[in-house]
Amino acid sequence: MTGLFITFEGGDGSGKTTQINLLATWLEARGKTVVLTREPGGTDLGVELRNIVLHRKGFIAPRAEALLYAADRSHHIKSLVRPALERGEVVVQDRYLDSSVAYQGAGRVLDPEEVRELSLWATERLMPNLTVLLDVPASVAKARQALTEREYDRLEAEAEDFHTRVRESYLSLAAAEPERFLVVNGELPIDEIHQSIITKVSDLLG
Ligand code: TYD
């Protein structure tokens with residue numbers, strides 16, 4: 001595989017979208033072919049699964065929820081991400097398996113190790129070259145989201161202590177794999193965050 005696989009993680013309202021767009025523009029200015037994508041919902045099938053998992057009213061059993069994210073991920077990696085990496089392109093992706101470990105694990109019902117193993121099975125063990133974690137306290141993320149005034153999805157509506165557990169889980173994932181993760185304080189100015197991301201990506205591009 002000759003391409004570069006970069007994923008972005010962080011709580012809802014951590015500023016991923018802004019940073020992903022800045023990075024894509026920077027990469028394209030350097031002549032790279034960039035595939036911008038996301039989970040859930042990076043494929044046609046994924047859009048259908050995203051609707052179910054984020055907007056369906058009513059209870060979804062925790063294992064079923066984990067399987068829906070894994071189904072989205074499996075199809076997305078097989079049909080879109082791996083082919084792009086094989087063509088030597090740069091894939092910049094909003095959320096990947098760390099989201100499942102952090103969010104589905106934070107419900108306290110599922111074992112985070114099992115959730116991770118499920119995603120690894122689903123993707124034939126594809127790991128990112130770099131995962132950027134935008135770290136912000138749950139209270140800050142919530143305040144930012146209130147400004148956007150759109151309807152909350154199922155997970156955004158969870159209580160603040162859920163989001164605090166998501167954050168803690170992300171930080172321990174990053175501590176366990178310091179080579180793969182770049183943790184950036186998401187409260188820094190937008191351009192400062194962007195600079196630390198492109199410094200790291202420049203290294204990877206060699
Ligand atoms: P996203 O589209 O990134 O929403 P936002 O722009 O609000 O951050 O993600 C939607 C939600 O899906 C988000 O609350 C996290 C959740 N999610 C999981 O719980 N597990 C997963 O595996 C993924 C990929 C997302």
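If you read the sequence from its start, that first residue is 1, and numbering goes on from there. Atoms within each ligand, like the ligands themselves, are counted from 1 in listed order.
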Exercise. Could you name the option among Phe8, Tyr69, Tyr103 that has the heavy atom nearest to atom 25 (C) of ligand 1?
Key: Tyr69

Exercise. For Pro40, counting its heavy atoms only, list the atoms of ligand 1 lying under 4.0 Å from any of them.
Key: 24 (C), 25 (C)

Quiz item: Out of curiosity, Leu27 CG to Lys32 NZ, how far, rounded to the nearest 0.5 Å?
Solution: 8.0 Å

Quiz item: Any donor and acceptor pair, going by atom type alone, linking the side chain of Ser172 with main-chain N or O of Ser169 inside 3.5 Å?
Solution: yes

Quiz item: Within the structure, does Arg95 bring an N/O atom to less than 3.5 angstrom of an N/O atom in ligand 1?
Solution: yes

Practice problem: List every atom of ligand 1 that sits less than 4.0 Å from any heavy atom of Lys16, numbering the atoms from 1 in the order shown and giving each element. | Solution: 3 (O), 8 (O)

Quiz prompt | Centroid-centroid distance, Tyr170 to Phe181, less than 6.0 Å | solution = no

Exercise. Provide the number and element of each atom of ligand 1 under 4.0 Å from a heavy atom of Gln104.
Key: 18 (C), 19 (O), 20 (N), 21 (C), 22 (O)

Quiz item: Is it true that Arg56 and Glu48 have a side-chain N and a carboxylate O under 4.0 angstrom from each other?
Solution: no

Quiz prompt | Heavy-atom neighbours of Asp203 CG exceed 12 at 6.0 Å | solution = yes

Quiz item: Does an N or O anywhere in Thr17 fall below 3.5 Å from an N or O of ligand 1?
Solution: no

Quiz item: Mind checking whether Tyr96 has an N or O less than 3.5 Å away from an N or O of ligand 1?
Solution: no

Exercise. Examine the proximity of ligand 1 to Leu97 and report which part, side chain or backbone, both or neither, has a heavy atom under 4.0 Å away.
Key: neither

Quiz item: Does ligand 1 have any atom that is closer than 4.0 Å to a heavy atom of Glu65?
Solution: no

Exercise. Over all heavy atoms of both residues, which pair between Tyr96 and Leu126 is shortest? Give the atoms and the distance, please.
Key: OH-O, 2.8 Å

Quiz item: What atoms in ligand 1 come closer than 4.0 Å to a heavy atom of Leu54?
Solution: 10 (C), 11 (C), 12 (O)

Quiz item: How does Gln93 reach ligand 1, if at all, at less than 4.0 Å between non-hydrogen atoms: by side chain, backbone, both, or neither?
Solution: neither

Self-check item: CD on Glu187 to OG on Ser14, rounded to 0.5 Å
Solution: 11.5 Å

Quiz item: Can you list the ligand 1 atoms lying under 4.0 Å from a non-hydrogen atom of Arg50?
Solution: 2 (O)

Quiz item: So which of Gly41, Ser100, Ser14 gets nearest to atom 22 (O) of ligand 1, if we judge by its closest heavy atom?
Solution: Ser100

Self-check item: Trp26: partners by side-chain contact (heavy atoms from CB on, under 4.5 Å), with sequence neighbours left out
Solution: Leu23, Arg30, His194, Ile198, Val201, Ser202, Leu205

Exercise. Considering only NZ, NE, NH1 and NH2 on the basic side and carboxylate oxygens on the acidic side, decide whether Arg180 and Asp98 come within less than 4.0 Å.
Key: yes

